[in-house]
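Counting convention: from 1, in listed order, for ligands and their atoms alike.
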Amino acid sequence: MDKNIPYKIYLEEKELPTAWLNMRAVMKNKPAPLLNPGTHKEMTFDELRGVFCDELVKQELNNTDEFITIPQEILDFYKMYRPSPLVRAYFLEKKLGTPAKIYYKFEGNNTSGSHKLNSAIAQAYYAKKQGLKGVTTETGAGQWGTALSMACSYFGLDCKVYMVKCSYEQKPFRREVMRTYGASVTPSPSDTTDVGRQILSEHPGTTGSLGCAISEAVETAVKSEGYRYVLGSVLSQVLLHQSVIGLEAKAAMDKYGISPDIVVGCAGGGSNLGGLIAPFMTDKIRGIKDYQIIAVEPASCPSLTRGKYAYDFCDTGRVCPLAKMYTLGADFIPSANHAGGLRYHGMSSVLSQLFDDGLMEARSAVQTDVFKAAVTFARVEGILPAPESSHAIKVAIDEAMKCKETGEAKTILIGLTGTGYFDLKAYEAYNNGTMTDYIPTDADLQKGFDALPKM
Ligand SMILES: *Cc1c(COP(=O)(O)O)cnc(C)c1O
């Protein structure tokens, strides 16, 4: 082990970031604006504030301020579980026999088990400050719903969660965590909304999708006095809040004179990756250092690697604004055997633009390879990684093995977004050897593209 660099680097309280970093202020090509789904005109502050909290709409539309001060109440809450550790993966390096230096920023050290709490607490704070009664949201596997229910209980807000029906049934434990924090959890599609009733009548027996749960949560927010809708990924405001991950990682590395050559993270809607890369990407855009930045997605839900860069609906019910993003089409649902998370059909507009500008790479991985990497990591590093996070581990291992061939000692930074304790069904399938891979055919994907809105 390197005597000069601690095994785990923790920042001191006085070194923690006090402002979020907004990459959009530095981007030369700004992400395309949200459009009204009816008129195809740019969404205004007044239109958006019917759905989202005022302060969050301001953040969503803010392409100019590079730093946005983190309110003291949020900083105080962050202190409960931040800084998150930056860990040198000495044991993984040794196992791989690589000269690469691997670091991971671990976001699983809180009860929600993922990075999602970083944005949940911010969104709950602004809702409370606006005097709202509560918020509605959707959740797939349950990490976001869990994080939001923790944040709402902290600020005394009501929290209504629409949970994708198959997860509601398959992941009862995550549901109970949410209920423990006082949230009400409804399986989606449900008969509590117009859009839910319509989807149920058109597709009886459906096990639901994120896009459908979003539609239900939005409808409930718009129809309930004193409620707004909040979203745990994809939106630019969520990437903004997640920048604490990258800011802490960079500060911890700077403190010891370390600089990554490669920054790699998993990408579902893009929030953890957008947060992790924020300070590195702004340096890259400014020409300070040409970091290699890699997004990793499932081969079964390949929005960046095989999607189209187009305006699309964010939800199945088509009630949300249109966003320009790399997308597989709002009706796309990954194949039923897909167990590794990262199921959303589109990608953050910010990351989509950075990818389109060639500032970031994207790779896809099949789930059996992802779980193989997860098991390797778990056995040597002592953390049971979330399947989502394991996509990043898989590609980091690939890059470390390349270093072994070339003899280069590159420094690799991994975003390790969370733990996998609620994903043991997926681990079970992998351990039993029954996990399979399905890669959608071009014809499968074409169906999604055919349904893109005609602009
Ligand atoms: C939600 C989640 C992700 C993916 O979401 P992003 O918005 O792409 O970051 C990744 N890892 C974990 C553990 C998650 O809970």
Legend entry - Nearest non-hydrogen protein atom, atom 2 (C) of ligand 1: Lys116 NZ, 2.4 Å
Legend entry - Arg286/Glu66 ion pair, N-O < 4.0 Å: yes
Inset, instruction - Flag Gly268 as yes when one of its N or O atoms lies below 3.5 Å from any N or O atom of ligand 1, and as no otherwise. - result: yes
Inset, instruction - Name the closest protein heavy atom to atom 11 (N) of ligand 1, giving the residue it belongs to and the distance to 0.1 Å. - result: Thr417 OG1, 2.7 Å
Inset, instruction - Give a yes or no answer on whether the side chain of Arg228 reaches the backbone of Arg49 with a donor-acceptor pair at less than 3.5 Å. - result: yes
Inset, instruction - Give me the one residue out of Asn36, Leu35, Asp312 that meets side chain to side chain contact (heavy atoms under 4.5 Å, CB included) with Leu322. - result: Leu35
Inset, instruction - Working to the nearest 0.5 Å, report the span between CD1 of Ile258 and CD1 of Ile9. - result: 4.0 Å
Inset, instruction - Please check if the side chain of Thr98 supplies one atom and the backbone of Ala400 the other of a donor-acceptor pair under 3.5 Å. - result: yes
Inset, instruction - Just let me know how Leu342 lines up against ligand 1, side chain, backbone, both or neither, with a heavy-atom cut-off below 4.0 Å. - result: side chain
Legend entry - atom 10 (C) of ligand 1: nearest protein contact (heavy atom, Å): Glu388 CB, 3.4 Å
Inset, instruction - Tell me which part of His115 gets within contact of ligand 1: side chain, backbone, both or neither, using heavy atoms under 4.0 Å. - result: side chain
Inset, instruction - Return a yes/no value for Asn272: is any of its N or O atoms, backbone included, closer than 3.5 angstrom to an N or O of ligand 1? - result: yes
Inset, instruction - Provide the number and element of each atom of ligand 1 under 4.0 Å from a heavy atom of Cys266. - result: 10 (C)
Inset, instruction - Before giving the answer on ring-ring contact (aromatic ring centres under 6.0 Å, His included), spell out for Tyr309 and Phe355 the whole-Å C-alpha distance, their side-chain angles and the decisive distance to 0.1 Å. - result: CA-CA 10 Å; Tyr309 192 29; Phe355 178 63; 8.8 Å; no
Legend entry - Polar atom proximity, Gly270 to ligand 1 (N or O, under 3.5 Å): yes
Inset, instruction - Quickly, which of Ser389, Ser271, Ser114 forms a side-chain hydrogen bond (donor to acceptor under 3.5 Å, both in side chains) with Thr417? Name it, please. - result: Ser389
Inset, instruction - Report yes if Gly269 has an N/O atom closer than 3.5 Å to an N/O atom of ligand 1; otherwise report no. - result: yes
Inset, instruction - For ligand 1, indicate whether the residue Ser271 contacts it via side chain, backbone, both or neither (heavy-atom separation under 4.0 Å). - result: both
Inset, instruction - Report the nearest protein non-hydrogen atom to atom 7 (O) of ligand 1: residue, atom name, distance rounded to 0.1 Å. - result: Ser233 OG, 2.5 Å
Legend entry - Expected output: side-chain Lys128 to main-chain Phe155 donor-acceptor under 3.5 Å: yes
Legend entry - Numbering as shown, the atoms of ligand 1 that approach Ser114 to under 4.0 Å (heavy-atom distance): 13 (C), 15 (O)
Legend entry - Lys447 and Asp331 ion-paired at < 4.0 Å: no
